[in-house]
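Step one of this worksheet: look at the structure below.
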Amino acid sequence: MKGFLVIYLIGIGTITHFLFQDDVLKESMERGKDVYADFCVACHLTEGEGVEGVFPPLAGSDYLENNREKSIAGVKYGQQGELIVNGVTYNSAMPSMGLGDDEVADVMNYVLNSWGNTSDKIVTIQEVSELKQD
């Protein structure tokens, strides 16, 4: 009976964690959508499709999938230099938008979970705050 109770509590705790995380992610994405509309849409466009050869796509982006920390740091500090996204080379600059760590986390959660992108790990304010500029 004691073993069953332990397993039951672990199961309930796990389910509660995932349900809570889903709510946290959903709220972060809602805020992130507003940040995206204010700061990102002019270059990356409404559906994250970007402009080939000029502004990389965020929709279905292999770069975002394979370079989580660099992507977050790029939003936080700005980014310049050559990137290859979905086989296309980009070499333009993205200035820092002056976003707070909370806004960076929110917009990254929005981008990483929109337009065919999925992330199994939520971007947290702590994760953003710990990133240093290269």
Side-chain angles (χ1 to χ4, degrees):
M1 180 67 172
K2 194 176 191 180
F4 173 76
L5 182 59
V6 170
I7 292 171
Y8 176 77
L9 291 174
I10 290 171
I12 293 296
T14 302
I15 291 169
T16 303
H17 168 75
F18 284 114
L19 291 176
F20 177 71
Q21 184 170 338
D22 285 348
D23 287 344
V24 170
L25 177 60
K26 182 179 176 186
E27 291 169 5
S28 177
M29 287 177 62
E30 287 173 10
R31 292 187 303 267
K33 184 176 183 177
D34 291 337
V35 174
Y36 185 87
D38 289 343
F39 294 93
C40 311
V41 74
C43 297
H44 296 286
L45 307 179
T46 57
E47 297 299 315
E49 65 270 30
V51 177
E52 190 167 333
V54 182
F55 303 117
L58 304 175
S61 169
D62 63 349
Y63 185 85
L64 291 174
E65 183 178 332
N66 298 321
N67 297 281
R68 179 183 174 96
E69 287 186 6
K70 286 183 180 181
S71 298
I72 297 168
V75 172
K76 181 174 181 173
Y77 298 112
Q79 188 166 318
Q80 62 183 18
E82 194 171 277
L83 299 174
I84 299 174
V85 181
N86 300 339
V88 177
T89 301
Y90 296 85
N91 194 8
S92 55
M94 181 176 84
S96 169
M97 299 293 149
L99 301 175
D101 291 347
D102 58 331
E103 294 169 307
V104 172
D106 290 340
V107 77
M108 286 303 301
N109 283 320
Y110 175 68
V111 168
L112 290 172
N113 292 283
S114 297
W115 318 303
N117 299 328
T118 57
S119 177
D120 58 356
K121 182 179 174 193
I122 190 169
V123 178
T124 64
I125 296 169
Q126 180 178 350
E127 179 181 8
V128 175
S129 70
E130 291 173 353
L131 288 175
K132 304 299 178 211
Q133 191 170 10
D134 285 340

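All heavy atoms count here, side chains included; hydrogens, waters and symmetry mates do not. Please read all numbers here as calculations on a predicted model, not as lab measurements.
Here CD of E130 is found 7.0 Å from OG1 of T124. Values are rounded to the nearest 0.5 Å. In this structure, the separation between CG on L112 and CG on N117 is 6.5 Å, given to the nearest 0.5 Å.
I84 and M94 end up in different hydrophobic clusters when Ile, Leu, Val, Met, Phe, Trp and Tyr side chains are linked at under 4.5 Å. Follow the hydrophobic side-chain contacts under 4.5 Å out from V107 and you never reach L45; the two are in separate clusters.
Among residue pairs with one or both ends in residues 32-42, none qualify as salt bridge (Lys or Arg N to Asp or Glu O under 4.0 Å); sequence neighbours excluded. Sequence neighbours left out, the pairs with a member in residues 25-63 that pass ring-ring contact (aromatic ring centres under 6.0 Å, His included) are Y36-Y110, Y36-W115.
Here the closest non-hydrogen pair linking V51 and Y90 is O-CE2, 3.7 Å. Contact record, S71 with L64: OG-CD2, 3.4 Å, taken as the closest heavy-atom pair. The two residues V85 and P56 come nearest to each other via the heavy atoms CG2-CB, 3.8 Å. Residues S92 and V54 approach most closely at OG-O, 2.9 Å, considering heavy atoms.
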Could you go through residues 74-82 and list every donor-acceptor pair under 3.5 Å that involves a side-chain atom there, pairing it with any protein atom two or more places apart or in another chain?
from, atom 1, to, atom 2, distance (Å)
K76, NZ, D101, OD1, 3.3
K76, NZ, V128, O, 3.0
Y77, OH, L131, O, 2.7

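Enclosure of atom CD in E30 by more than 12 non-hydrogen atoms of other residues, nucleotides or ligands within 6.0 angstrom is indicated.
Between V35 and R31, the closest side-chain pair of non-hydrogen atoms is not below 4.5 Å. Side-chain contact between T89 and L83: absent, with no pair of heavy atoms (C-beta onward) separated by less than 4.5 Å.
In this view, E127 and R68 satisfy the salt bridge (charged side-chain N to carboxylate O under 4.0 Å, His left out) rule, not counting sequence neighbours. With sequence neighbours excluded, the residues that form a side-chain contact (heavy atoms from CB on, under 4.5 Å) with N109 are L25, S28, M29, I122, V123. D102 is linked by a side-chain contact (heavy atoms from CB on, under 4.5 Å) to I125, counting only residues two or more places apart in sequence or in another chain.
A donor-acceptor contact shorter than 3.5 Å links the side chain of E49 to the backbone of E47.
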